[in-house]
Amino acid sequence: MGKTALVLAGGGSRGSYQIGVWQALREMDIHPDMITGTSVGALNAAMIVQNDFDHALSLWSTLETSMVFDVQIDNKLPKKQRILGALKKFFGEFVRQGGVDNTPLRSILEQYIDEGMVRRAPAEFGLVTVEMGTGKPCQLWREDIPKGELIDFLLASSAIYPAVRAQEIDGVKYVDGGYYDNMPVEMALKKGADNIIAVDLEAIGNNLRGVLNLKQAKYVKHIKCYWDLGSILLFDGSQAKRNIRMGYLDTMRAFGIFEGFAYTFAVGTGKIMAEYYENYPFLLEMLGLKNGDKLADSLVGKVMKIGSKGPFSVENPSVAGAELAGEIFSVDFDKIYTVEIFNRNLHQKIDELTLPAGLFDEKAGGLEALRESLSLLDKKVRTLYLAKVFSDVITKQSRVNLSPLAALMTDEFLAAGYLLLSGILSM
């Protein structure tokens with residue numbers, strides 16, 4: 001099988017997600033031979049090498065911005081105001097003293113990182129930082145770091161300049177390793193790793209290098225989250241707990257313990273959902289998209305593969321439609337679902353909606369209704385409107401070509417199909 005490396009990308013407060021990944025790996029009894037990290041990924045890598053999960057979980061669940069940086073943020077303010085306030089304070093500190101003081105973060109690392117344990121651990125540990133003056137990348141394994149300076153180099157790797165002041169070590173100033181490689185796959189490959197588990201926080205930094213290097217590994221699990229993990233500068237316990245949960249679920253899906261892409265389903269769910277679409281060729285024909293037609297095949301391929309953010313395929317449009325419907329109608333995404341429970345929750349969300357009066361008036365049917373649906377701003381309403389149109393087309397066996405509509409409203413198109421074919425809405 002070869003050596004396995006866990007590679008942790010940088011991403012500030014989004015690093016809580018990586019603790020959830022660790023939780024899943026522990027549960028599956030997967031223990032990497034080496035762990036590399038950049039910025040917050042380096043901090044998490046050090047804690048994982050120490051193998052003290054409960055300590056790390058406790059830290060991330062209670063972290064606040066003021067505990068990490070020397071800035072005060074009013075957590076009672078709405079999220080957007082907190083982000084703007086944080087950016088203003090970080091910019092002000094850069095102008096005043098070259099960046100925010102990271103003394104609070106040093107205090108946390110001194111409390112939670114045991115250099116001796118990191119150096120004695122069976123798993124190898126590496127981090128990335130960059131010399132500020134020369135731009136020279138420093139890919140350092142623990143044996144490259146002078147004894148007693150591990151925390152200094154962890155701070156160097158996570159010095160998100162200009163928001164955070166550069167870290168000076170022995171007269172040399174260092175900044176965040178993300179300026180060179182925000183997901184240090186390259187380090188692990190050079191050290192002999194064959195298998196890569198890369199945890200991508202999709203934050204600012206040079207992420208392309210890490211993604212390109214993934215192609216060189218024999219076996220790859222590239223784990224990242226479909227959902228928003230929050231601002232990289234705002235540390236919040238409740239957001240962290242949600243991120244940890246998502247990291248756990250995404251990893252379990254990546255290893256086939258569960259199914260799904262954005263949502264988490266029990267194994268076998270996709271097969272059950274596919275049964276809803278046994279008459280899919282008939283539905284295509286009713287919608288004017290006859291099987292075998294080049295234009296129709298091209299459209300279906302676009303709708304199922306690249307029309308949405310997820311890697312959905314024409315082989316199983318049901319899962320695509322289910323997940324898009326779940327997102328559109330705000331079904332909770334941090335739970336594990338069976339088909340029955342997911343559909344029940346989706347049905348409940350639809351029942352809770354208050355729809356515009358006269359929306360489904362029969363007098364507004366046909367092409368006029370289609371034109372009106374294009375002007376509706378709410379995705380929920382557009383999806384239900386499309387479902388009504390589909391139902392009318394199928395019931396009346398009309399020959400209406402909806403391909404332009406599918407191209408314009410791909411997500412709603414797929415979601416509406418799932419709502420009808422699963423029986424959540426009646427035809």
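If you check the side chains of Tyr337 and Asp332, you find no donor sitting under 3.5 Å from an acceptor. His347 and Asn345 form no side-chain donor-acceptor contact under 3.5 Å, judged by distance and modelled atom types alone. Side-chain atoms of Asp351 and Gln348 form no donor-acceptor pair, as typed in the model, at a separation below 3.5 Å. Counting only N and O atoms by type, the side chains of Tyr226 and Glu327 include a donor and acceptor under 3.5 Å apart. Between Asn182 and Thr38, the side chains place no donor N or O within less than 3.5 Å of an acceptor N or O (distance only, hydrogens not considered). Defined by atom type and a distance below 3.5 Å, a donor-acceptor pair is missing between the side-chain atoms of Ser107 and Glu110.
Nearest heavy-atom pair across Val185 and Gly210 is CG2-O, 3.6 Å. Nearest heavy atom pair, residue Trp60 against residue Gly12, reads CH2-O, 3.9 Å. Considering all non-hydrogen atoms of both residues, Met187 and Gly126 come closest at CE-CA, 3.9 Å. When all heavy atoms of Ile169 and Ala156 are compared, the pair lying nearest together is CD1-CB, 4.1 Å. Scanning both residues, Gly192 and Lys3, for their nearest heavy atoms gives O-CB, 3.8 Å. Summarising the geometry of Val175 relative to Ala166, their closest heavy-atom pair is CG1-CB, 3.9 Å, with the distance given to 0.1 Å.
A salt bridge between Lys191 and Glu143 is present, with a side-chain N of the basic residue lying under 4.0 Å from a carboxylate O of the acidic one. Salt bridge Lys218/Asp194: present, at least one basic N to carboxylate O contact under 4.0 Å. With respect to Arg242 and Asp334, no salt bridge is recorded, no charged nitrogen being found less than 4.0 Å from a carboxylate O. Classification of Lys271 and Glu275 as a salt-bridged pair fails, no side-chain N sitting under 4.0 Å from a carboxylate O.
Under the rule for a salt bridge (Lys or Arg N to Asp or Glu O under 4.0 Å), Lys147 has no partner lying at least two apart in sequence or in another chain.
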Practice task
For side-chain hydrogen bond (donor to acceptor under 3.5 Å, both in side chains), just list the numbers for Glu27 and Tyr248, CA-CA rounded to whole Å, side-chain angles, deciding distance to a tenth of an Å, and then say yes or no.
Solution key: CA-CA 10 Å; Glu27 193 169 304; Tyr248 172 81; 2.8 Å; yes
Requested in this report: Kindly indicate, with the supporting measurements, whether the criterion side-chain hydrogen bond (donor to acceptor under 3.5 Å, both in side chains) is fulfilled by Tyr112 and Asp52.
Outcome: CA-CA 10 Å; Tyr112 283 88; Asp52 189 350; over 6 Å; no
task: Please report the C-alpha distance between Ser422 and Asn343 in whole Å, then the side-chain angles of each, then the deciding distance to 0.1 Å, and finally whether the side-chain hydrogen bond (donor to acceptor under 3.5 Å, both in side chains) criterion is met.
output: CA-CA 8 Å; Ser422 65; Asn343 287 353; 4.7 Å; no
**OP:** Give the intermediate values and the outcome of side-chain hydrogen bond (donor to acceptor under 3.5 Å, both in side chains) for residues Glu186 and Tyr180.
**Re:** CA-CA 11 Å; Glu186 182 181 46; Tyr180 174 71; 3.1 Å; yes
Query raised in the report: So Ile48 and Leu25, side chain to side chain contact (heavy atoms under 4.5 Å, CB included) or not? Walk me through it.
Result: CA-CA 11 Å; Ile48 293 173; Leu25 294 178; over 6 Å; no
May I have the step-by-step check of side chain to side chain contact (heavy atoms under 4.5 Å, CB included) for Gln18 and Leu6, ending in yes or no? CA-CA 10 Å; Gln18 295 170 344; Leu6 175 62; over 6 Å; no
Practice item. Step by step, work out the salt bridge (charged side-chain N to carboxylate O under 4.0 Å, His left out) result for Lys379 and Asp411. Key: CA-CA 9 Å; Lys379 274 186 117 174; Asp411 290 0; 3.2 Å; yes
Under the side chain to side chain contact (heavy atoms under 4.5 Å, CB included) criterion, do His222 and Leu214 qualify, and how do the steps go? CA-CA 8 Å; His222 187 185; Leu214 281 175; 3.6 Å; yes
*Evaluate salt bridge (charged side-chain N to carboxylate O under 4.0 Å, His left out) for Arg119 paired with Glu115, printing each intermediate quantity in order.*
CA-CA 6 Å; Arg119 292 190 182 277; Glu115 180 169 344; 2.9 Å; yes
For Ile244 and Ser61, what are the C-alpha separation, side-chain angles and deciding distance, and is it a side chain to side chain contact (heavy atoms under 4.5 Å, CB included)?
CA-CA 9 Å; Ile244 290 167; Ser61 300; 4.3 Å; yes
Dump the intermediate steps for ring pair (Phe, Tyr, Trp, His ring centres under 6.0 Å) on Phe265 and Phe258, then the final yes or no. CA-CA 6 Å; Phe265 300 107; Phe258 297 113; over 10 Å; no
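Taking SG from Cys225 and CZ from Arg14, the interatomic distance works out to 10.0 Å, rounded to the nearest 0.5 Å. Atom CZ of Phe255 and atom NZ of Lys221 lie 6.0 Å apart (nearest 0.5 Å). In this structure, Thr269 OG1 and Ile341 CD1 are separated by 10.0 Å, a value rounded to the nearest 0.5 Å. One finds the CG atom of Asp228 at 8.5 Å from the CG atom of Asn243 (value rounded to the nearest 0.5 Å). Annotation: the span from Leu386 atom CG to Leu419 atom CG amounts to 10.5 Å, rounded to 0.5 Å. Put simply, CD1 on Ile223 and CE on Met246 are 12.5 Å apart, with the number rounded to the nearest 0.5 Å.
Looking at Tyr174 and Met132, their side chains never come closer than 4.5 Å, going by heavy atoms from C-beta outward. Counting heavy atoms from C-beta outward, Leu150 and Val118 have side chains that approach closer than 4.5 Å. The closest side-chain heavy-atom distance from Gln239 to Ser13 is not below 4.5 Å. Side-chain contact between Met28 and Ile257: present, with at least one pair of heavy atoms (C-beta onward) separated by less than 4.5 Å. The closest side-chain heavy-atom distance from Trp141 to Phe125 is not below 4.5 Å. Side-chain contact between Arg106 and Gln167 is present, with heavy atoms from C-beta onward closer than 4.5 Å. With a 4.5 Å cut-off on side-chain heavy atoms, Lys190 and Gln139 count as touching. Residues Val130 and Asp176 are not in side-chain contact: their nearest non-hydrogen atoms beyond the backbone lie 4.5 Å or more apart.
Seen from the ring of Phe261, Arg253 does not count as a face-on cation partner, given the 6.0 Å and 45° thresholds.
Here Phe413 and Phe390 bring their ring centres to under 6.0 angstrom of each other. Checked against a 6.0 Å centroid threshold, the rings of Trp22 and Phe53 count as neighbours.
Counting heavy atoms of neighbouring residues, nucleotides and ligands inside a 6.0 Å radius, atom CD1 of Ile204 does not exceed 12 of them.
The one candidate from Leu59, Leu8, Leu154, Leu127 that meets the side chain to side chain contact (heavy atoms under 4.5 Å, CB included) condition with Leu43 is Leu154.
No side-chain donor-acceptor contact under 3.5 Å links Glu64 to the backbone of Phe235. Not a single donor-acceptor pair under 3.5 Å links the side chain of Ser39 to the backbone N or O of Gly41.
The aromatic rings of Phe333 and Trp227 lie parallel to each other, their planes meeting at an angle below 30°, with 60° marking the opposite boundary.
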